[in-house]
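One structure below.
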Amino acid sequence: MKRDISARFTRSLRNNLVLVGIIALIVVTAIIEPKFISSANLTNVMRQLWPLPFIALGMTFVIIGGFIDLSVVGMISLSGVVAASLINPLGQVGAILSGILLGGMMGYLNGFVLTTVGAMIQAEVLFITFGMSSIYTAIALLLTNAETLRIARSTKPYNIFTALGSGTVGMIPVVLIVFLVILVIMHLFYKKTLAGRSISLMGGNKEAAFLTGYNVKRSMRLVYTISGIMSGMGAVSLVSRVTTATATSGIGYETNAILCVVVGGTSLKGGKGSVIRTMLGVLLVVLLGNCMNLLGLSTFMQTVMRGAVLVIAIWLDNRREL
Amino acid sequence: MNIKIASQRVWGTISKQGAVLAILVLMIMMLFFKTNFYTAYNWLDMLRSAAILEIVAFGVTVAVICGGCDLSVGGTLSFGGIAAILLINIGFPIWLAIIIAVLGGAFVGFINGFLVVHQKTEPFIITLGMGMLLKGVCQVLTDAHPLPSKVPAFMEISNSKFFASIPSLVVYMVILFAAFHYLMRYTSFGRNCYAIGGNYEVAEYSGIKVIPTKWAAFIISGATAALAGVLLASRMNTGSSVYGDNTGMLVNCGVVIGGTSFAGGVGGIRESFIGLFVIQILINCMSMLGLDSYYQKLFEGILIVTIIGLDCFFRMRKRESV
Amino acid sequence: TSTPAEAPAGDKQAPAGEEQGGTDADADKPADKDGEVKVAFITQSLSNASQAYAWTQFQKYADDYGFTVTVFEEDYDAQNGVAAIGTCIAQGYTAICINPTDPSAMIPSFMEAQEAGIIVGMYSSEVPEGNEKYRDFMCGTDDYMAGEVAAQTLMEEFPDGVKVVQVGGQSGHSAQIKRNDGFVDTIKDTNITLLDSKDCGAWASEDAMAIMEDFIVAYGDEIQAVYCHWDVGATGCIEALKNAGMDDVYVIGVDGCSVGYDQVIEGTQALSIGQSFSQMTQDAFDNITKIMKGEDFDEVVWTKLDIVTKDTVNDFPYPEW
Amino acid sequence: MGENILVVKDVCKYFPGVTALDNVSIEVPRGIVYGIVGENGAGKSTLMKILSGVYEKDGGTVVFNGETIEHTTPIQALQRGLSIIYQEFNLVNSMTVGENIFLGRFKENRGMRGTHKKARELLDSIGSTINTYTMVGDLSASEMQMVEITKALSFDSKLIIMDEPSSSLTSEELKRLGIIINQLRDKGISIIYISHKLDEIFEYCDIVTILRDGRVIDTKPVGEYTRNEMIAKMVGRTIENEFPPRAHFVAEPLLEVRNLNTKKLKDINFTLHRGEILGLVGLVGAGRTEIIRALYGADKARGHKIFLRGKPVNIRNPKQAMRAGMGLVPEDRKHEGLILPFSVEGNITMASLEALTKYGIVNRAAERDIAKRQIDSLSIKTPTQTTKMISLSGGNQQKCIVGRWLEIEPDILILDEPTRGIDVGAKYEIYLLMNKIVESGGAIIMISSELPEVLNMSNRVLTICEGRITGEFKPEESSAEEIMERAIG
Ligand SMILES: Nc1ncnc2c1ncn2[C@@H]1O[C@H](COP(=O)(O)OP(=O)(O)OP(=O)(O)O)[C@@H](O)[C@H]1O
Ligand SMILES: Nc1ncnc2c1ncn2[C@@H]1O[C@H](COP(=O)(O)OP(=O)(O)OP(=O)(O)O)[C@@H](O)[C@H]1O
Ligand SMILES: [Mg+2]
Ligand SMILES: [Mg+2]
């Protein structure tokens, strides 16, 4: 009996390593640096998150579907640039919508290219989306000539951007509220709808899903479109937060997003995963950065830590399945 | 009759390897422009520019043929160069420093091998994390500053010329090409790698020691990357943590473009050579034509998507053919 | 179809033993090729707005000097710079203006370029000390000076000492390193206290913003001044300060781009340290012309840094980038 | 050293739910050809895989060449002098013929040239003209088989096991195989020869053992068997009530297939009636699976017409097949049927989700009901509805897949090896389910490698050989021997 309880405890511990990690991180940091648990820092962390949660959310769907998306770099860059530059001609609502729409279109294009050429395994998909990313970034560079666009320069109002970037309701940033709404919608989409289910069916076993009448190619285009839309939203939140847009602003988000998804416990083998857990992954990754900054760890050590966390997380995830 | 067979063979190679076709297209295109593309100097120069990445690619190819993949080579490359210069600067003889650096790379490969082969984790994500970790290590080692060598003789290694005009790097590349080609084609280790990548179980049943062989492939990949790093550091007379930033992705991409499939078992050193050389030729052509670098990025992306996409497409067609 | 163009000028005329370009002996050399004078601009990255703008200046002034200009991008990877110099040699360029990611890594290539008779000019960046013989001239301001200026301004502005944080550019890039070193070296043994210093993963304002936010949590009101390595990064710092309600922090940025000017005009940024790329480009072109003609020239032409504050902002033309 | 090269005594092997070998004993003398026959699933391949070290035996002893062998690995077996030609191809497609023959023995042959030279000699010695530099992937099935044989010969073997070596050989190659076998026997090498083609057994073998359900039924010199006796002993079953009584509800035609062609199939024509169970019989690799996959729209086919209830329908993908009222239980449960990371519930309801969806939202409550209903009615043994599929036994996994289709009540259910790896009890339940489906007006196409199963369950049987339909039988009116004869071709 006692053995049973302790076995169950270790199992649940092992299944919830992220939570354990987060708690350990909070406790340790709070002891060393009490400022960590100050309200100022909490607000701080809530602000620093963006746009990673959006990107990781989109990436979760791609990974649950059994694929991977490296083109978020290009999509964020291009969407951000377009959104920022369209404030003047279209007004801010138009700009935001076109940024998101463009993201969706790029995502769909990725899915379209992949299904057309029949790239069905992760490695093929990896390089093709990498190439697509270069294309999107190049277009963003051509559009801006590498110049930084500032939304403060627009002649039209841009208060929605400001609200998204730094507005708060009470203590809670506006963008967090917006995101939570989207998160709930996406969670419900994943859990409740047929389309959501067919994504994980595809990730679990493409052949079985195909033989049971699911349109695998459509699901594939869908996950990439979701990733594109989320990149578009992420780009808008990024532009709002920093009030500028450049053609290279998406750099690094692909690895960070994958890191969050994997640390959150969604298996790279596809089929199973959880949108909510990814958010825990985001939290862990962002907290880690925040803690290391507060503890005065050098930028270099932070890179080491991030790599180590990624390697160890995947390793543990893999062992769990053995 | 013979001509027919020969032309069939030529066509067979071309259609099997999109990269060859791309090179031919570029070469024909360059006939129409007045540049110095067709000069011995330019070709030697292209080869020299490509040499470092080619050498890295030779090692990576071994891992890929075994059914793996190694994205950590970027980090290993920087690490190799930095380690060698650090040691030389504190007075180690050059040869010893180089040996230690290469052993360091081999150790990285050993860990990759442990995680991928022994623990059976997903190679591309784990090596991605490993690369990130190594970059951090390099930053810590150098304080993120470029680290010039204090011993002038070190520079000679990669910057001298043989027979008055042939850059030493090209010579090294040719030697290593021959060595790796020999290793993969004419030794039992190489052939066993093909067998392992081609069909893991059959290889195991045939008495091939699958785990040590595949593990060794990762060690070779790491050691080669470190060696390339040493050569790069000598070429630049400097070691730096930023040198490998694009290497991992680019090299693996080149290997795949060349036709060495991530599924394992097919391809070879020659294919990888061509796969990376096509990227180099593209860059050279565009520089010669004075094309804006934004367009260079664009065309690079298009090249990657097209070649890998076509590859997938023909494989799909072959699968589905009635 | 055309046959390959004549062999590169350098290739033919540069026997292996020839030493050092840029002297009188070489004066007649580059002009021989249908009078075309090809000048290459090799830059760290055209994704960086300052470099993209510098390139427009090359294009703008090329006609005045009768040059044909081409740009090569390193994309923050020194290997690409080395490859670019190789291409320049193959193509028989007359001169190279280079702002490398990693100057020390370029020395071997400079030797080759000079062997091939190509004029090598450093642009907005200097070779490491002791290697001056490998380049023919240097024009512009070194990033090290930007760091020095930032530190000096702080000393003037806060004679009683000041607590400052530094937000660095992309870790490992030459601009980040020099702007850091210039600053850190200058404040040594002064009453300026460097509270903390951190670099970014990329030249991204969100990185700068995140770092600044963490600084605010860690040091709060202690922070009196911020030295950020680039104006767009300063935007992130300013946003972070704004959100924390800290309006009176003295923010210094480097670049002197339109974003920086705007912020100076708005009063959110106290100082932007600018570089005049148009001046730099003209100086470089002047030098190339002089070397070609065999006239005397100044090996080092410093371009004055623009110190853009609210008081001086109207003295400078509004930047085009 | 006795005169027996191999003595197997009381060897047992259990797979989840199946006893593959039940106290099997055989003795193989030196220098003879030893035949083993038995219907599909009798345990022949399992026995051979134990000998060659692919599987671990669960009991009994094996003595090879006077040496008692407890554990062995494939490579150790080869080194001892026991080589095997596996039933499934055991070649690396992306390598050349020569290298495959000497896989893992590159060094012994002094490199590439030596390898190809020796391979050439070996191929010449058996009269094969295959180029040693060809990629194995580019070979035809019969050429691959020759390569397998050559590979086995390349070892200095004392015993060579041939598990259905002839299943894909042309008649020319078959003759050559006969010569090779005789040559080997003359050299004192023993051969274990497994085949479904009784002509070969009678022609080549000296002693024959008959296996059925993992048990040795009979062993005697080949001359003492008559052909009929042999077949009777292979297929004859006496276990009572193994099959439920056959259903008789056959009514009007439901599905007509005309001129179905693929790379492998030639002119497949057949009709399926309401209330009918149609069995497809053939050897492994005959093309049964291909027929139903093409029919179901999972593989591409050309030029064919399908009529459903007299009306032409167009089926280009499984979705359209489902809309037309078909369902498929594929043969490879793990790779084609199950979503292993999913729960039992998720696997069962997969096919019904569309019907449960309103405005894009799946009705979870209804989904749970469905899963519960199927788990109860099929008595699927699972701790909870949300248990992960991977932890169920094979039979229960199979029931989940069947339940998946039962829920949407397809007109035509295609079952490919529905009872593979399933114990007798579970089999019986699946048979009952099949009868229930036809009772309610559906129709079933059933593929099975277990002849008794097909014969007892089907109303009609089609024999398939090398991609063609070679015969049509009413099992009540024809003998198993007759049918098997046609299936063998
Ligand atoms: N790996 C396995 N896991 C579970 N069951 C297995 C496995 N391999 C074989 N079986 C089962 O063991 C039994 C014997 O199979 P085996 O392959 O030995 O038959 P066989 O006599 O060779 O038939 P065939 O003539 O079709 O080749 C069958 O019921 C089969 O389903
Ligand atoms: N994907 C594939 N690649 C190569 N060969 C294949 C493939 N699928 C099937 N085959 C081969 O084609 C032949 C026909 O296979 P098929 O599955 O149609 O036979 P079958 O009659 O259904 O037999 P069974 O179901 O008993 O295995 C077999 O020899 C098989 O080995
Ligand atoms: Mg068998
Ligand atoms: Mg089958």
Side-chain angles (χ1 to χ4, degrees), chain A residues 4 8 11 15 60 63-67 115 118 120-121 184-220 222 225-226 265-274 277 317-318 320-322, chain D residues 292-293 296-299 315-343 345-365 367 388-390 397 400-401 404-405 407-408 410 414 416:
Chain A
D4 192 47
R8 202 180 297 168
R11 181 145 30 91
N15 288 337
T60 310
I63 292 182
I64 289 176
F67 302 104
T115 49
M120 280 291 172
I121 56 173
V184 169
I185 292 173
M186 293 314 284
H187 181 70
L188 292 177
F189 168 77
Y190 174 58
K191 285 280 179 197
K192 300 277 175 204
T193 68
L194 184 59
R197 187 73 70 85
S198 52
I199 290 172
S200 46
L201 287 172
M202 166 175 76
N205 188 339
K206 283 193 234 4
E207 185 67 20
F210 173 65
L211 288 178
T212 322
Y214 288 87
N215 189 338
V216 173
K217 289 193 169 175
R218 197 171 59 195
S219 298
M220 195 166 168
L222 177 67
T225 310
I226 292 176
T266 296
S267 165
L268 277 169
K269 297 186 183 82
K272 53 179 175 183
S274 145
R277 279 171 159 268
D317 177 54
N318 206 62
R320 190 165 58 204
E321 283 173 18
L322 286 179
Chain D
I292 52 108
R293 275 183 69 96
Y296 190 67
D299 286 343
I315 295 177
R316 272 173 291 116
N317 56 45
K319 188 164 197 135
Q320 288 173 346
M322 280 174 69
R323 294 242 162 92
M326 296 191 195
L328 169 71
V329 177
E331 64 177 331
D332 187 341
R333 216 169 20 236
K334 200 164 141 202
H335 292 112
E336 299 169 342
L338 297 172
I339 315 268
L340 286 176
F342 267 49
S343 63
E345 184 178 301
N347 273 282
I348 292 178
T349 56
M350 248 176 101
S352 0
L353 286 185
E354 212 170 345
L356 301 183
T357 305
K358 219 175 195 179
Y359 311 118
I361 295 181
V362 180
N363 185 342
R364 284 282 291 134
E367 197 187 342
K388 290 264 175 324
M389 195 37 125
I390 200 156
Q397 289 181 343
C400 290
I401 300 181
R404 178 192 293 170
W405 293 112
E407 184 57 38
I408 63 164
I414 305 169
D416 195 353

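Remember, it's a predicted structure, so these values are computed and weren't measured experimentally. Within every chain, numbering begins at 1; the chains are lettered A, B, ... in the order of the sequence lines, protein sequences first and strands thereafter.
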For D:Ile339 and A:Ala209 the tightest heavy-atom approach is CD1-N, 4.5 Å

Does any backbone or side-chain atom of D:Leu353 lie under 4.5 Å from a heavy atom of chain A? Answer side chain, backbone, both or neither.
both

Side chain, backbone, both or neither: which part of D:Leu338 has a non-hydrogen atom closer than 4.5 Å to chain A?
backbone

Specify the closest pair of heavy atoms between D:Pro330 and D:Ile401, including all atoms of both residues, with the distance to one decimal.
CD-CG2, 4.4 Å

Taking all non-hydrogen atoms of both residues, which atom of D:Ala351 and which atom of D:Ile408 are closest, and how far apart?
O-CG2, 3.7 Å

Begin with the C-alpha distance, continue with both residues' side-chain angles, and end with the deciding distance and a verdict on side chain to side chain contact (heavy atoms under 4.5 Å, CB included) for A:Thr60 and A:Met186.
CA-CA 11 Å; A:Thr60 310; A:Met186 293 314 284; over 6 Å; no

Ignoring hydrogens, what is the shortest heavy-atom contact between D:Ile315 and D:Ala324? Give both atom names and the distance.
CD1-CB, 4.2 Å

D:Pro410 versus D:Gly327, closest heavy-atom pair with distance:
CB-N, 4.0 Å

Considering only heavy-atom distances, could you tabulate the donor-acceptor pairs under 3.5 Å between chain A and chain D?
from: A:Lys192; atom 1: O; to: D:Val362; atom 2: N; distance (Å): 2.7
from: A:Leu194; atom 1: N; to: D:Gly360; atom 2: O; distance (Å): 3.0
from: A:Arg197; atom 1: NH1; to: D:Glu367; atom 2: OE2; distance (Å): 2.8
from: A:Arg197; atom 1: NH2; to: D:Glu367; atom 2: OE1; distance (Å): 2.7
from: A:Arg197; atom 1: NH2; to: D:Glu367; atom 2: OE2; distance (Å): 3.1
from: A:Asn205; atom 1: ND2; to: D:Lys334; atom 2: O; distance (Å): 3.4
from: A:Asn205; atom 1: ND2; to: D:His335; atom 2: O; distance (Å): 3.1
from: A:Asn205; atom 1: ND2; to: D:Leu338; atom 2: O; distance (Å): 2.8
from: A:Glu207; atom 1: OE2; to: D:Arg293; atom 2: NH1; distance (Å): 3.3
from: A:Glu207; atom 1: OE2; to: D:Arg293; atom 2: NH2; distance (Å): 3.1
from: A:Leu211; atom 1: O; to: D:Tyr296; atom 2: OH; distance (Å): 2.6
from: A:Tyr214; atom 1: OH; to: D:Met350; atom 2: O; distance (Å): 2.5

Considering all heavy atoms, the nearest A:Gly270-D:Pro341 contact
O-CG, 4.4 Å

Which atoms of D:Met350 approach chain A - backbone, side chain, both or neither, heavy atom under 4.5 Å:
both

